[in-house]
Number of protein chains: 2
Amino acid sequence: MFGNGGKQTTIKDLAKYMKVAPSTISRALRDYPDISDKKKKEIRELANKLGYQPDSIAQSLQRGRTKTIGVIVPEIKHDFFSSVLDGIEDVAYKAGYSIFVCKSNEDYTREIINTRSLLSYSVAGIIVSISQTTQDTDHFDVVKMRNIPLVFFDRVCDIKANKVVVNDEQGAFEAVEHLIQSGYKRIVHLAGPTHLEISKNRIKGYRAALEKNGIQFRKEYIIDGGLDEEDGIRGFKKLMKLSPKPDAVFCVNDPVAIGVFMQCKEKKIRIPRQLAIVGFSDNPIASLINPPLTSVSQPAYEMGSIAAKMLLEEINSKSSLFKPKRRKLKTKLMVRSTT
Amino acid sequence: MFGNGGKQTTIKDLAKYMKVAPSTISRALRDYPDISDKKKKEIRELANKLGYQPDSIAQSLQRGRTKTIGVIVPEIKHDFFSSVLDGIEDVAYKAGYSIFVCKSNEDYTREIINTRSLLSYSVAGIIVSISQTTQDTDHFDVVKMRNIPLVFFDRVCDIKANKVVVNDEQGAFEAVEHLIQSGYKRIVHLAGPTHLEISKNRIKGYRAALEKNGIQFRKEYIIDGGLDEEDGIRGFKKLMKLSPKPDAVFCVNDPVAIGVFMQCKEKKIRIPRQLAIVGFSDNPIASLINPPLTSVSQPAYEMGSIAAKMLLEEINSKSSLFKPKRRKLKTKLMVRSTT
DNA sequence: CAGTTTTCCGCATACGTTTTCGGAAAAACC
DNA sequence: GGTTTTTCCGAAAACGTATGCGGAAAACTG
């Protein structure tokens, strides 16, 4: 298959071999009308025999754009993000695209470097969930200015671009209302970073549920924090100092809930008798711990595939007057035994 | 920052602006000796002002190789693989490389397409864990022939290339010996696909432990299967039909163990009283289920970072007489309550 | 057979970099 | 002031592909 010591067979090689111009080869392989059927057939056979494969880099340089979509996530190993990646990859693969995965590590400057890198690689589009520490979003303006399609998912910001999120407010509302209807009255919310939209929306839902059910909102019952297990542990400690003592906690996501969960185990606090717990995102782990964690299910894989589809749509819509859309997916409350 | 309507500022733009040749710009920015310090400074300032960013595609075409490393994994969302990806990304990022992530979906032909795609993108190197259905490995020969560095991890094959694995045999041995020492006598092994090295090695360890402890090996106590939860469920059903009834099961990995675990819950079989379970890979879930799962811990993140380091080493070693190495990482038995 | 159309293909160029080679101008030497 | 050396820079080619344009040969028209 490869007779030339490791070098890729190029269009020029074929040209020399066939004693025609490179342009002829190119046109023959792309089935242009200006080449005789006989020659096309010959060329195709030779290309097959030598295992010719067009050089994507050269094509990209010529076209000014790659068949690649860039993805920026805060973390890869988190279940939610890896499921999203999975969804993106599947859609991209089917459309003949590859994915470039960058991790921001929840770090603002690394996110900037990542976008720059993706831009310099002329990706066809970018899908991103912003990091916890990102407050300023100028780096995404540059993407828009270069006319590169952009889709945000889950952790979005208020830039004019495609977005796919879950109905965080509704999800939070249902979770908290469920707690109330189960008889809990002193419900704490371990919230995420306040500048993130998801945090705000989940707080909104929390308050709405209290309000609707005539429960007085207390400021000290919202505990700010982050999105990791450690934040859950820290949150638990703050929570235990409150008085009157809370009887339930609604966590901004599952890792935080797991942090609380583990602390309860350690301190021998009965779940849900002494403290009820609700998480958000329904990681697979939720149903397997004991007692199984009640959590708001978030369609991660679907989010990824929808984000990718939206991106491809924008890529393929030549018109620059593309109207950004916002898809809001439904959540589903998975009631288990921690409530 | 961008005054030209969305187009990337190029080296030619700078050249026109400065009224010098493009080559001068290139040399100035790369700090070549042949340019006067004064001009270098001017050029750098202009480049900064216009936000010049070298076009990676053009550089790649010129160099014949990208600053990108391709990764092929069977699945993204599995905890083990996403942790490996995490490790790879971190060291790649530090070395100025980006990663191209492809998913084979445990499918042989998709794996071939993935490698082809990576080749056509002139990646600097490839890291891969082969799919369950891969028996033939010609597609990797092509990679070697193109002199592209290659590292296998976990699911390796017998190609002459860098490899990083865990000591599967030792890990399995310790797990099974632990079972024996805990008093279990009829120990079944739910094995993986037989053509994978990991499966073979874990079987070896299983047999070695039996042998050393004077327990008769029974052919029917090895149940072939796959690597997923469903395979665990299937395995459980076969296992229950055996007589005498087994009292312990050593699973080829955690998903399989979880499958068995869930079946036990469903069928009200007491763990570990009626059936002891040991998994492999120590997913985070293992410690959180009830009872917590005994499992062989496999350093996933470290595997990724080591694989990436080996790859970079090979990339940077100009000499084509590179000697493939094999790193074997240690496992650690995490004894919990299912045994 | 001259003129027109059609068929088929090559030339040249562009994409943005890097790099080799060589050459002009300035500086240094005797 | 002529020769050599040094300093600095430009021209051009190359990487592999795609494409507008033009041109030669063949086929068809009258």
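Quick note on labels: first sequence line is chain A, next is B, and so on, each numbered from 1.
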Between [atom2] on [N] and [atom1] on [X], what's the gap in Å once rounded to a whole number?
X        : N       : atom1 : atom2 : value
Ile25(A) : dC11(C) : CD1   : P     : 13 Å
Leu29(B) : dT19(C) : CG    : C1'   : 15 Å
Ile43(A) : dA18(D) : CD1   : C1'   : 15 Å
Lys67(B) : dG16(C) : NZ    : P     : 22 Å
Arg63(A) : dG16(C) : CZ    : P     : 16 Å
Asp55(A) : dC15(C) : CG    : C1'   : 13 Å
Asp13(B) : dC15(C) : CG    : P     : 10 Å
Ile11(B) : dC15(C) : CD1   : P     : 14 Å

NZ/NE/NH1/NH2 to OD/OE distance under 4.0 Å, [X] and [Y]:
X         : Y         : answer
Glu197(A) : Arg326(A) : yes
Glu302(B) : Arg327(B) : no
Glu42(B)  : Lys38(B)  : yes

Just the atom pairs and distances: protein N or O near nucleotides 7-9 of chain D's N or O, under 3.5 Å.
residue: dC9(D); atom: OP1; partner: Lys39(B); partner atom: NZ; Å: 3.0
residue: dC9(D); atom: OP2; partner: Ser36(B); partner atom: N; Å: 3.0
residue: dC9(D); atom: N4; partner: Asp34(B); partner atom: OD2; Å: 2.9

Counting just side-chain N and O atoms, does [X] come under 4.0 Å of either OP1 or OP2 of [N]?
X        : N       : value
Arg30(A) : dT19(D) : yes
Lys12(B) : dC15(C) : yes
Tyr32(B) : dT19(C) : yes
Tyr52(A) : dT17(D) : yes
Gln59(A) : dA18(D) : yes

Of the listed nucleotides dC15(D), dC15(C), dT17(C), the one nearest the side chain of Leu61(B): dC15(D)
Of the candidate nucleotides dA18(D), dG16(C), dT17(D), which contains the atom at the shortest distance from the side chain of Ala58(A)?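 From the listed options, dT17(D) comes nearest.
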Side-chain donor-acceptor contact under 3.5 Å, Thr66(B) with Ser60(B):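 Distance-only check fails for Thr66(B) and Ser60(B).
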Under a 3.5 Å cutoff, is there a donor and acceptor pairing between the side chains of Glu314(B) and Asn162(B)? yes
Mind checking Pro54(A) for me? I need base, sugar-phosphate or nothing, with any heavy atom below 4.0 Å counting as a touch. sugar-phosphate
Which donor-acceptor pairs under 3.5 Å do side chains of residues 90-97 of chain A form with protein atoms, sequence neighbours excluded?
residue: Asp90(A); atom: OD1; partner: Lys103(B); partner atom: NZ; Å: 3.0
residue: Asp90(A); atom: OD1; partner: Arg110(B); partner atom: NH2; Å: 3.3
residue: Asp90(A); atom: OD2; partner: Tyr301(A); partner atom: OH; Å: 2.5
residue: Asp90(A); atom: OD2; partner: Lys103(B); partner atom: NZ; Å: 3.2

Out of Ile127(B), Thr115(B), Leu311(B), Ile126(B), which residue meets the side chain to side chain contact (heavy atoms under 4.5 Å, CB included) rule with Leu150(B)?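 That would be Ile126(B).
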